[in-house]
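These values consider heavy atoms only, across backbone and side chains, with no hydrogens, waters or symmetry-generated copies. Predicted model, so just to flag it, every value in this text is computed and none were measured.
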Amino acid sequence: QRQLVESGGGSVQAGGSLRLSCVASGVIYSRYCLGWFRQSPGKEREGVASIGPDGSTRYADFVKGRFTISRDNAKNTLYLQLNSLKPEDTAVYYCAARFFGERIPTLTAADFRYWGQGTQVTVSS
């Protein structure tokens with residue numbers, strides 16, 4: 001059974017950093033395009049960053065230069081390094097995997113088939 005489990009969320013002050021992790025099981029992890037999304041109350045889920053099987057990346061404009069997505073295929077783990085956090089970054093962050101064979105990193109939630117349960121990130125001013 002395919003499963004994605006996030007961890008690493010928490011509460012930080014503005015300007016702080018966090019590192020999110022997502023461990024995948026039940027899939028040949030290295031063949032999947034993976035991504036991070038976030039959702040705050042009353043808002044649509046939005047794409048944050050994604051990474052293809054070849055390591056190519058795509059970022060939302062609002063996180064460029066602050067967040068970094070990476071993957072460790074040997075550990076079946078996806079990461080999101082969050083730096084220079086702002087209060088508006090407060091949200092539940094989800095990791096997701098695209099359909100098998102879809103190799104292009106996108107930021108569209110409908111392109112992703114498998115989802116984790118999310119981890120809360122709270123940034124105070």
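Side-chain atoms of Glu6 come within 3.5 Å of backbone atoms of Gln117 as a donor-acceptor pair (strictly under, hydrogens ignored). Judged purely by atom type and a 3.5 angstrom limit, Trp36 has no side-chain atom pairing as donor or acceptor with the backbone of Ala96.
Separation of the Phe99 and Phe112 ring centroids does not fall under the 6.0 Å cut-off.
Side-chain contact between Leu82 and Asp89 is absent, with no heavy-atom pair separated by less than 4.5 Å. The side-chain heavy atoms of Arg38 and Tyr94, taken from C-beta on, include no pair separated by under 4.5 Å. Between Ile51 and Tyr32, every side-chain heavy-atom pair lies at or beyond the 4.5 Å cut-off. A heavy-atom distance below 4.5 Å is not found between the side chains of Leu4 and Trp115.
None of Val92, Leu20, Thr90, Leu80 except one satisfies the side chain to side chain contact (heavy atoms under 4.5 Å, CB included) rule with Val121; the exception is Leu20.
More than 12 heavy atoms of other residues, nucleotides or ligands lie within 6.0 Å of CD in Glu88, so this atom counts as buried by the packing criterion.
Looking only at atom types and distance, the side chain of Asp72 has no donor-acceptor partner in the side chain of Thr77 under 3.5 Å away.
For the atom pair OG (Ser7) and CZ (Arg19), the distance works out to 10.0 Å, reported to the nearest 0.5 Å.
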(request) Step by step, work out the side-chain contact (heavy atoms from CB on, under 4.5 Å) result for Ile69 and Leu78. (result) CA-CA 8 Å; Ile69 190 171; Leu78 175 71; 3.9 Å; yes
